[in-house]
Amino acid sequence: MDPLVRSALWVQQLITKSSGLALSFALSGYLIYWAVEPPPLAWNIAAVAVLSGSLGYRLLKRLRSLTPSETTRLDLELFTHLVVLAYGVILHTPGGLDGPYYPAVYALVMICASFARPLAAVGTIAFAVLMEAALNFIAWGSRDTDRLVPHAALLGVFAFLNMLVFRAEIARIRTLSRQRIETELRKMKDAARSYRLLGAPSSAGERASVSSPEAEDRLIRSGVDEIHQAVEFALILLCRTLGLRTALLLGLDATQTQLHIQELSSIEDAIAPGPFSAKDGIFGASLAKGSLLSIAGPKAGAHVPYYTRKPEIGAVCATPLLDHGNARGLLVVDRESREPFSREEEETLRSAAHFILRAIENERVFVQLDRAKVEQGKLYRAANALASATTEAQVIEAGVSGAREFAAFDFAVVTLFDKNASEHEICAVSGEGADALVGQRFKHNSGLVSMVVANRHALPYRGDYDPARQTVFTRRLAPPAMPSLLVLPLLVHDRALGTLVLGSNRRGAFGDSVRPTLEVLASHVAVSLANARMLKRLEELATMDGLTGLFNKRALQEVAGQRSRAPSGSRSRFRSWFATSTTSSASTTRTVMIWATSSSRASPTC
């Protein structure tokens, strides 16, 4: 019955997927029939209604289609419908296929080549050629190919040229748009990093996403926008209060050698984009001294490198932004008046710099709190899932699923350590090579798993893995080669139950931002695993006799009650099993009694 059902479903899917193309051929056949002998008007109206309804339906589906295969099929159905419509309109115009309206087919093919999938474009051209050939050979009975061959060649040439030129232009525009978007995102992240909203990674790709990328981007964008509004307000207020030409906030880069414009308020349009040296002129002196510096007079214009054309500058002042004694940037202002900045104005600039720094710090704390809230929520959900797990398999599954909330990895292994046998067992594997590793056992050795169990500390350092120099399990049992790997101990009261091994194809996936959280999660997994083992042991003690290793009376009664409600065949099998168990139990009991009697005879009396 199962193969029959599958065959029926396959036939149903085939009919559904080919219905659109079959309708195109049916409508083209009706058009050929119309060219031979025009049918009644009602038939034509019905054919036009069917064509219009099918076109609208497939256009709506095409706008919602997601998979490439579905998009190709819908493109082919949609444009073959349009080819039938185009030939139907042309046949109703003066001159027919030789008339002045035939180039509409070329235009349609060009549109198809520009926007449809390549395979759908080729199918549409073939359909148009076949349809024109059928009109020539079937409807009009002509054997002359003088018109068909040039039309087919021109269809192919138009489609090829349009695909070559137009698609290349579309690809170029998409590339430029993608580059612009990536540039804007990079600028936003650079600004967030300069404001210390986003930790600067020590290596490429070290930072793993602590939440979804969309949520992380929204969090960074909101933090940058809040700081931008606060700093912009402060700069505008300074310009209006002190009569400034320009007020700008310059941020230091990671090398502490260059300054970049982060915020700006100016009446000038000719502002250089930078960067500017952090060691020259008033900028370098203010950063080195760590205090406000101002210059007034004819030489003040030489200290403002952020203009492309030099305006009349009479005074300039630079105020460093100090974060716990470390310079993070400069607040620079200038004005046309050569009057030096007064003590009150300098105090206003210091207050403005302090306000900007406080705004950045406040937003930094908010972002950190928001990230901590997200982390705690994920850890809480993972702890709940582990608490509800009652078996070792459920604990392992919940632990691996919880780890995916904090780090993106492609490979996961859970190993358990048998201290009595000094062996490790790979009890669960997720990812490449799972069938070859699961269930394997290996002796305690000098591999990473054994070292983590022995030292109760996560390895390797920073999660960087070199397959040529490091051994995870044994030389024979090795995980897939990947640049990032982390082995976490499963500790309960400083006793290692096993390890949790995570691997990623992305370099630096287990950096300082995620490793502490994964270690906490591993401790939760270890406690849940110990509880599951204890629960299993309690069930065994509650149902098994400790001396004989057989079911106790209560367990036998429960099993007997279950078997008594089972079918007759099951009851007969239970009787034979019960008789065997009883005989074995009686034999064991007699052995114990004989051993006890002999021991009592051999032992001296008090």
Side chain proximity check, [X] to [Y], heavy atoms < 4.5 angstrom:
X	Y	value
Leu490	Thr499	no
Leu252	Arg328	no
Glu392	Val395	no
Ile396	Cys427	yes
Phe411	Leu437	yes
Leu488	Val452	no
Val501	Leu486	no

Going by salt bridge (Lys or Arg N to Asp or Glu O under 4.0 Å), name the pairs with one or both residues in residues 442-459, residues two or more places apart or in two chains. Glu423-Lys443

Determine which pairs satisfy salt bridge (Lys or Arg N to Asp or Glu O under 4.0 Å) with at least one residue from residues 467-484, sequence neighbours left out, and list them in order. Asp466-Arg469

Checking the side chain of [X] only, and the main-chain atoms of [Y] only, is there a donor and an acceptor separated by less than 3.5 Å?
X	Y	result
Ser528	Val525	no
Ser388	Ala385	yes
Ser450	Asn445	yes

Return the minimal non-hydrogen interatomic distance between [X] and [Y], and the atom names on each side.
X	Y	result
Arg515	Arg462	NH1-CA, 3.5 Å
Asp75	Ala120	CB-CB, 3.5 Å
Ala382	Gly402	CB-CA, 4.1 Å
Met544	Asn552	N-ND2, 4.1 Å
Ser484	Gly508	OG-N, 2.9 Å
Ala408	Ser504	O-OG, 3.5 Å

[atom1]-[atom2] distance between [X] and [Y], expressed to the nearest 0.5 angstrom:
X	Y	atom1	atom2	result
Thr415	Gln440	OG1	CD	13.0 Å
Glu425	Leu416	CD	CG	6.5 Å
Gln470	Met451	CD	CE	9.0 Å
Leu249	Leu357	CG	CG	10.0 Å
Leu477	Thr471	CG	OG1	11.0 Å
Thr517	Glu519	OG1	CD	9.0 Å

Stepwise side-chain contact (heavy atoms from CB on, under 4.5 Å) test for Lys61 and Glu70: CA-CA 9 Å; Lys61 285 191 67 177; Glu70 187 180 6; 4.2 Å; yes

Start with the C-alpha gap between Gln394 and Thr390, add the side-chain angles, then the distance that decides, and say whether side-chain hydrogen bond (donor to acceptor under 3.5 Å, both in side chains) holds. CA-CA 7 Å; Gln394 293 175 353; Thr390 57; 3.2 Å; yes

With sequence neighbours left out, what residues match Asp494 under salt bridge (Lys or Arg N to Asp or Glu O under 4.0 Å)? none

Tell me whether Glu540 is salt-bridged to Arg537, with the criterion being a basic N under 4.0 Å from an acidic carboxylate O. yes

Quick check: are there more than 12 heavy atoms from other residues, nucleotides or ligands sitting under 6.0 Å from CG of Leu119? no

Pairing residues for Ile261 by the side-chain contact (heavy atoms from CB on, under 4.5 Å) criterion, not counting sequence neighbours: Leu248, Leu250, Leu264, Ile271, Phe276

Listed partners of Ala403 passing side-chain contact (heavy atoms from CB on, under 4.5 Å), at least two apart: Phe409, Leu502, Leu518, Leu521

Hey, could you give me each pair passing ring pair (Phe, Tyr, Trp, His ring centres under 6.0 Å) that has a residue in residues 436-464? Not counting sequence neighbours. Phe417-His444, His424-Phe442, His424-His444, Phe442-Phe473

